[in-house]
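Working notes, beginning with the structure itself.
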Amino acid sequence: MHQILRKGAIAAGVLSSALVMPAWAAKEAVIAVASTFTTLDPYDANDTLSQSVAKAFYQGLFGFDKDMKLQNVLAESYTASSDGLTYTIKLRPGVTFQDGTPFNAEAVKANLDRASNPNNHLKRYNLFKYVEKTEAVDPLTVKITLKQPFSAFINNLAHPAAVMISPAALKKYGKDIGFHPVGTGPYVFDAWNQTDFVKVKKWDGYWKKGYPKLDALTFRPVVDNNTRAAMLQTGEASFAFPVPFEQAQRLKANGNLDVVTTPSIMQRYISLNVTQKPFDNPKVREALNYAINRAALAKVAFSGYATPATGIVPPAIDFAQRYPAIPYDPAKARQLLKEAGYPNGFETTLWSSHNHSTAQKVLQFTQQQLAQVGVKVKVTAMDAGQRAAEVEGKGQKESGVRMFYTGWSASTGEADWALTPLFATSSWPPVIFNTAFYSNPTVDKDLSDALKTTDRTQKAQLYKDAQDRIWKDHPWIPLVVEQLVSANNKKLSGFYVMPDTSFNFDEADLQ
């Protein structure tokens, strides 16, 4: 059973794949991606991919360019009060939503009121929980008052979840807005077959004259790595991401394709549940850090498209700290285990948040490495449902997490979202994603104080102190920072994978 949503109308029926494929426009790019889309409401999406697709029809007050540099979008400027509690934002004039509704201060208020209301149970509520109230000062001026100083607030407003949805559409569709997107972006929603594609078409009323350059974009979920790569070879797809690391060299040999490698802010790591034996022992955690050959892991599991971690925050994130490389030293690992009271090692479990081929390789490699120092691990690669139930949905007392392989991409581009969800005591599951159940009162205070100051020097020192303490406590085995590998037909230009794994296609065009 396929379900097709087209311009707000829902039609369901049993259709052949030939019938449900959209008709191609004159200048239409087909984008092959690795998974399906959960919703077209960015405020209620936990996955970066769904938010990436929504960039076609939605925009925020602020955003990031392809290099994750903050930029104004629907906002022209902002000022912050000296106490860090009030932000006054001037809006871009002459912008309308795709349904003809004016974009103005009242529209911003409608969106932030919705996002900051916990009763709406939106998945991205944590980005907006410090908003006390939003006021329309005049049609092009918005005043936002926070409950407490939050110096990363503008970065949060640049997150791909923080978009402006037509207030008229919100009122009309309510909780079903995820099926009826209406924004200010360059493309208007055309159709969504929930298993096969999302299609958007050029919007002639877009405020940025001369854009978009394409007539249409179609996003195609293609879960199988080999099929995604094959679509590039046959011309069925104009762009594919991610490209399987192991197939990158073969695709490079095709004269019609460009294979592009870009840096990312995707940090891969293994968290260690510090509330459970033997991981409550700092020497055990330190030992495991010496037991992994990160350079070899990058080659074996990522085909060289990754670099050993230099800290707990990827280098491209603002306020990230770098540390000397942790050497591969199994003899030192065995010595530390002996000192910790485990001369013969121990047995434990290693879970992974994903079950794709790269994750499987990481699990196998780690299992072999740890066995060499006497640590026997039983590995489990989880699908999304298992992860939600066993990891994200359980608190410290009932959690079965011991060692957990996963990754994190801080789409605000700022250290708070790279640290607080992963290391603050208040972020233990099921609240957010501190799967190490790490708790350090000084780190908590550093992270809290960093958000209360607008002094960049003071903020940098607080984030440095927090990272220094976390690095010394070893609640993680930091592994690698991924490189992002995409490929495109040479006729397509201006379509980029951003460091947070989302897309930038403002300049996308086809020859």
Side-chain angles (χ1 to χ4, degrees), residues 46-48 123-127 129-130 150 152 156 159 265-282 284-286 288-289 309 311-314 317 319-321 348-354 382 384 386-412 414-451 462-479 481 500:
N46 260 339
D47 60 307
T48 302
K123 291 184 174 68
R124 290 297 182 176
Y125 165 72
N126 275 305
L127 289 168
K129 65 182 179 181
Y130 292 120
F150 186 79
N156 279 20
H159 189 283
I265 55 173
M266 174 56 77
Q267 174 100 12
R268 296 291 178 184
Y269 63 92
I270 296 171
S271 65
L272 307 171
N273 186 338
V274 301
T275 68
Q276 299 292 330
K277 291 185 177 298
F279 308 113
D280 59 341
N281 190 315
V284 169
R285 303 196 298 268
E286 185 179 1
L288 298 185
N289 269 279
I312 52 170
V313 176
I317 295 287
F319 302 111
Q321 293 294 312
T348 189
T349 57
L350 170 60
W351 294 352
S352 167
S353 61
H354 294 85
M382 295 182 157
Q386 287 176 296
R387 183 181 72 242
E390 297 298 327
V391 181
E392 298 170 6
K394 291 187 176 181
Q396 183 266 333
K397 289 185 178 179
E398 64 268 23
S399 178
V401 170
R402 295 302 181 263
M403 300 178 70
F404 184 59
Y405 168 68
T406 188
W408 185 263
S409 174
S411 293
T412 64
E414 208 256 8
D416 174 65
W417 201 242
L419 291 168
T420 300
L422 305 178
F423 298 105
T425 306
S426 60
S427 298
W428 285 12
V431 179
I432 311 187
F433 209 59
N434 180 354
T435 53
F437 295 97
Y438 175 74
S439 178
N440 183 316
T442 305
V443 169
D444 289 343
K445 188 174 188 304
D446 283 343
L447 297 179
S448 177
D449 288 350
L451 293 177
L462 289 164
Y463 281 134
K464 180 182 185 304
D465 183 68
Q467 289 172 77
D468 287 349
R469 292 175 185 276
I470 295 165
W471 186 256
K472 185 178 179 181
D473 287 343
H474 299 295
W476 280 8
I477 306 173
L479 295 175
V481 177
D500 69 343

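- Checking side-chain atoms of Trp428 against main-chain N and O of Ala436 turns up no donor-acceptor pair under 3.5 Å.
- Side-chain contact check for Tyr463 versus Asp446: every heavy-atom pair is 4.5 Å or farther apart.
- Listed here is the closest heavy atom pair of His474 and Leu272: O-CD1, 3.9 Å.
- Taken from OG in Ser271 to CZ in Phe433, the straight-line distance is 7.5 Å, to the nearest 0.5 Å.
- Listed by chain and number, the residues in a side chain to side chain donor-acceptor pair (under 3.5 Å) with Thr425 are Ser439, Asp444 (sequence neighbours excluded).
- Between Pro478 and Asn289, the closest side-chain pair of non-hydrogen atoms falls below 4.5 Å.
- Contact record, Val274 with Phe437: CG2-O, 3.4 Å, taken as the closest heavy-atom pair.
- In this structure a side-chain-to-backbone donor-acceptor pair under 3.5 Å is missing from Ser409 to Ser411.
- The two residues Thr435 and Phe404 make their nearest non-hydrogen contact at OG1-CD2, 3.7 Å.
- For residues 416-442, no pair satisfies salt bridge (Lys or Arg N to Asp or Glu O under 4.0 Å), with sequence neighbours left out.
- Side chain to side chain, Asn434 and Ser427 fail the donor-acceptor criterion of an N or O pair below 3.5 Å.
- Residue pairs that meet the side chain to side chain donor-acceptor pair (under 3.5 Å) test with at least one member in residues 393-403, sequence neighbours left out, are Thr275-Gln396, Glu390-Lys394.
- Taking every heavy atom of both residues into account, Pro314 and Ala320 meet most closely at O-CB, 3.2 Å.
- Residues Ala152 and Leu451 share a closest heavy-atom pair of CB-CD2, 3.9 Å.
- Shortest non-hydrogen contact noted between Ala410 and Ile265 is O-CD1, 3.1 Å.
- Using a 4.5 Å heavy-atom cutoff, the side chains of Ile312 and Gln467 are in contact.
- Residues satisfying the side-chain contact (heavy atoms from CB on, under 4.5 Å) criterion with Asn126, sequence neighbours excluded, are Lys129, Trp417, Ile432.
- Proximity of Ile470 to Asn440: side-chain heavy atoms (C-beta onward) are nowhere separated by under 4.5 Å.
- By the salt bridge (Lys or Arg N to Asp or Glu O under 4.0 Å) test, Asp449 is found to be paired with Lys445, residues two or more places apart in sequence or in another chain being considered.
- Looking at Tyr269 and Ile477, their side chains never come closer than 4.5 Å, going by heavy atoms from C-beta outward.
- Taking the six-membered ring for Trp, Phe423 and Trp476 have ring centres closer than 6.0 Å.
- The CZ atom of Arg268 sits 8.0 Å away from the OG atom of Ser352 when rounded to the nearest 0.5 Å.
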Chi angles and distances behind the side-chain contact (heavy atoms from CB on, under 4.5 Å) call for Phe150, Asn156: CA-CA 10 Å; Phe150 186 79; Asn156 279 20; 3.3 Å; yes
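- Listed by chain and residue number, Glu392 satisfy the salt bridge (Lys or Arg N to Asp or Glu O under 4.0 Å) test with Arg387 (two or more places apart in sequence, or in another chain).
- With a 4.5 Å cut-off on side-chain heavy atoms, Pro475 and Phe279 do not count as touching.
- Residues Phe319 and Leu419 form no side-chain contact, since every pair of their non-hydrogen atoms from C-beta on lies 4.5 Å or further apart.
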Residues Thr348, Gln276; criterion side-chain contact (heavy atoms from CB on, under 4.5 Å); working and verdict: CA-CA 11 Å; Thr348 189; Gln276 299 292 330; over 6 Å; no
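- Using a 4.0 Å cut-off between a side-chain N of Lys or Arg and a carboxylate O of Asp or Glu, Asp465 and Arg469 qualify as a salt bridge.
- For the atom pair OH of Tyr405 and CG of Leu479, the computed distance is 7.0 Å after rounding to the nearest 0.5 Å.
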